[in-house]
Student: 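I am attaching a structure below and will ask some questions about it afterwards.
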Amino acid sequence: MKRDSFVMKTITSNKEFKFNVSNSFDKLPVASPTLLLTAENSLKWGQNESLLRNRMQCRAVEVKNMPGYPMGKKFELDDVIEAQQFDRETLNAIFEVAKEMENIKKNSPGSQILKDTIRTVEGYSDIIVMRHFESGAAKRAAATAGIPIINAGDGPGQHPTQALLDVYTIEREIGKLDGIRVGLVGDLANGRTVRSLAYLLAEYQDVKIYFVSPDVVKMKDDIKKYLTRRGVEWEESGDLMEVASKCDVVYQTRIQRERFGERIDLYEEARGKYIVDENVLKVMQNHAVVMHPLPRLDEITVDVDADPRAAYFRQAKNGLYIRMALLKLLLVGW
């Protein structure tokens with residue numbers, strides 16, 4: 001096994017597949033810690049409890065000092081489960097680490113962050129990166145496991161790492177997070193990315209969120225009530241063109257057929273109602289951007305890709321830096 005790679009395991013109900021991942025994490029040379037990935041439709045509660053319980057608890061070791069965080073201070077979160085875990089100060093600090101990861105990726109053959117601490121890191125066991133079809137599954141796993149859990153999406157619940165990279169992208173593209181206008185478009189009822197993003201945007205001042213979706217997949221009341229409690233202005237609209245003309249960010253999502261079960265009629269009703277195309281670009285402001293968690297179907301036409309305001313490929317790349325940062329923080333600390 002290559003020294004500077006992560007071994008990633010996918011757990012299903014009857015098989016375990018191992019494969020090296022060097023494209024995303026080869027710049028963070030941990031002494032081959034293992035990431036345990038659980039497939040969305042595979043984890044059966046009770047089957048893997050002993051596996052989860054018997055892993056070692058990670059400890060923090062001294063690392064490069066971060067502003068406002070003493071050297072060697074443990075990352076205050078044991079798991080990454082939901083967007084509400086992050087306050088504004090923590091978000092800013094994580095983004096600084098992500099920028100550090102960008103420099104590592106661009107300017108050096110590999111990070112030296114962990115190489116002086118190799119024996120300590122060798123004692124670490126897995127981080128479990130978990131995607132599950134059931135909302136709340138990651139939280140239940142975290143209550144059982146003795147090692148960090150990263151929620152990579154729990155059904156229609158949340159996707160906090162996606163939200164982190166989304167907010168990071170907005171800051172990089174727009175240059176600010178206070179005073180922005182964001183249009184969330186598509187399947188807002190089942191889209192875990194937009195739910196998590198709404199929670200994080202509530203950490204900033206003078207933000208307004210527009211919800212643009214077909215009637216059958218409107219944003220759920222729990223998010224609306226949360227935003228209202230936090231003093232975040234929000235508005236529902238059926239006019240994508242009008243919203244796009246006002247927003248700094250148009251965040252498009254796909255209508256996912258699997259979220260509709262056997263109600264194919266509702267899926268067909270919702271699909272294709274709101275499409276970002278050249279006509280939408282024409283009404284957008286010059287500084288505004290189009291984002292998308294990817295993959296897309298036909299909700300953003302391919303001719304949009306050539307416009308500099310199409311930020312979704314840059315957004316996807318930012319996901320590398322955010323997830324590198326989270327691995328560093330969960331394994332090592334600040």
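The figures that follow rest on heavy atoms only: side chains count, while hydrogens, waters and symmetry mates do not. Bear in mind that the values here come from a model prediction, so they are computed numbers and not experimental data.
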Student: Taking the side chain as C-beta and beyond, is there a heavy-atom pair between V290 and L281 under 4.5 Å?
Tutor: yes
Student: Identify the two heavy atoms, one from E278 and one from T301, that lie closest to each other, and give their separation to 0.1 Å.
Tutor: N-OG1, 4.4 Å
Student: Could you measure the distance from the CZ atom of R296 to the CD1 atom of I275? Nearest 0.5 Å is fine.
Tutor: 12.0 Å
Student: Please round to the nearest 0.5 Å and tell me the distance separating atom NZ of K273 and atom CG of L240.
Tutor: 11.5 Å
Student: So does F95 get a backbone contact from the side chain of N92, meaning a donor-acceptor N/O pair under 3.5 Å?
Tutor: no
Student: In Å and rounded to the nearest 0.5 Å, what is the CD1 to CG distance from I170 to L201?
Tutor: 5.5 Å
Student: Under the side chain to side chain donor-acceptor pair (under 3.5 Å) rule, collect the residues that match up with Q256, sequence neighbours excluded.
Tutor: R254
Student: Considering non-hydrogen atoms only, spot the tightest contact between G319 and L165 and give its length.
Tutor: CA-CD2, 3.6 Å
Student: Side chains of R195 and D222: does their closest heavy-atom pair fall under 4.5 Å?
Tutor: yes
Student: Kindly indicate whether the side chain of F313, heavy atoms from C-beta on, has any atom under 4.5 Å from the side chain of D305.
Tutor: yes
Student: Do R314 and R172 make a side-chain contact, defined as non-hydrogen atoms from C-beta onward lying under 4.5 Å apart?
Tutor: no
Student: Can you tell whether the side chains of D307 and R309 come within less than 4.0 Å, N to carboxylate O?
Tutor: yes
Student: Keeping Q85 on the side-chain end and E82 on the backbone end, is there a donor-acceptor pair under 3.5 Å?
Tutor: yes
Student: Can E203 and R230 be counted as an ion pair, charged N to O under 4.0 angstrom?
Tutor: yes
Student: For the pair M219 and V194, evaluate side-chain contact (heavy atoms from CB on, under 4.5 Å) and give the outcome as yes or no after the intermediate values.
Tutor: CA-CA 9 Å; M219 180 60 80; V194 289; 4.1 Å; yes
Student: Please state whether the rings of W234 and F211 are parallel, tilted or perpendicular, taking 30° and 60° as the class boundaries.
Tutor: tilted
Student: Closer than 4.0 angstrom, basic N to acidic O: yes or no for E242 and K246?
Tutor: yes
Student: Are V276 and V249 joined in one hydrophobic group, where the rule is that I, L, V, M, F, W and Y side chains link up if heavy atoms are under 4.5 Å apart?
Tutor: no
Student: Quick check for you: to the nearest 0.5 Å, what is the distance between S245 atom OG and M284 atom CE?
Tutor: 10.0 Å
Student: Report yes or no: do V217 and V243 belong to one cluster of Ile/Leu/Val/Met/Phe/Trp/Tyr joined by side chain heavy-atom distances under 4.5 Å?
Tutor: no
Student: Mind checking whether I223 and Y199 have side chains closer than 4.5 Å, heavy atoms only?
Tutor: yes
Student: Answer whether the closest heavy-atom distance between the side chains of M101 and V97 falls below 4.5 Å.
Tutor: yes
Student: Can you give me every donor-acceptor pair (side chain of residues 178-188, partner residue at least two apart or in another chain, under 3.5 Å) with its distance?
Tutor:
{"unit_1": "D178", "atom_1": "OD1", "unit_2": "R88", "atom_2": "NH1", "d": "2.8"}
{"unit_1": "D178", "atom_1": "OD1", "unit_2": "R88", "atom_2": "NH2", "d": "3.4"}
{"unit_1": "D178", "atom_1": "OD1", "unit_2": "Q205", "atom_2": "N", "d": "2.7"}
{"unit_1": "D178", "atom_1": "OD2", "unit_2": "R88", "atom_2": "NH1", "d": "3.4"}
{"unit_1": "D178", "atom_1": "OD2", "unit_2": "R88", "atom_2": "NH2", "d": "2.5"}
{"unit_1": "R181", "atom_1": "NH1", "unit_2": "D206", "atom_2": "O", "d": "2.8"}
{"unit_1": "D187", "atom_1": "OD1", "unit_2": "A189", "atom_2": "N", "d": "3.3"}
{"unit_1": "D187", "atom_1": "OD1", "unit_2": "N190", "atom_2": "N", "d": "3.0"}
{"unit_1": "D187", "atom_1": "OD1", "unit_2": "N190", "atom_2": "ND2", "d": "3.3"}
{"unit_1": "D187", "atom_1": "OD2", "unit_2": "N190", "atom_2": "ND2", "d": "3.2"}

Student: Which heavy atom of P160 sits nearest to which heavy atom of F86, and what is that distance?
Tutor: CB-CE1, 4.5 Å
Student: Are R257 and I264 side-chain neighbours, meaning at least one heavy-atom pair lies under 4.5 Å?
Tutor: yes
Student: One pair to check against side-chain contact (heavy atoms from CB on, under 4.5 Å): E173 and M291. What are the steps and the verdict?
Tutor: CA-CA 10 Å; E173 296 286 333; M291 294 174 59; 5.9 Å; no
Student: So how far is it from Q162 CD to L294 CG, rounded to the nearest 0.5 Å?
Tutor: 8.0 Å
Student: Would you compute the distance between atom CG of L164 and atom CZ of R323 and round it to the nearest 0.5 angstrom?
Tutor: 9.0 Å
Student: State, to 0.1 Å, how close A83 and L200 come at their nearest heavy-atom pair, and which atoms those are.
Tutor: O-CD2, 3.3 Å
Student: Answer yes when K99 and E102 have at least one side-chain N-carboxylate O distance shorter than 4.0 Å, and no when they do not.
Tutor: no
Student: Check A310 against V304 and note the closest heavy-atom contact, atom names and distance.
Tutor: CB-O, 3.4 Å
Student: Is it the case that the side chain of Q252 and the backbone of Y274 share a donor-acceptor pair, with hydrogens and angles ignored and the cut-off at 3.5 Å?
Tutor: yes
Student: Is there a side-chain contact between M241 and N279 in this structure, where contact means two heavy atoms from C-beta onward sitting under 4.5 Å apart?
Tutor: yes
Student: If every non-hydrogen atom of H287 is compared with every non-hydrogen atom of D248, which pair is closest and at what distance?
Tutor: NE2-OD1, 2.5 Å
Student: I'd like to know if the side chain of Q315 and the backbone of D166 have a donor-acceptor N/O pair within less than 3.5 Å.
Tutor: no
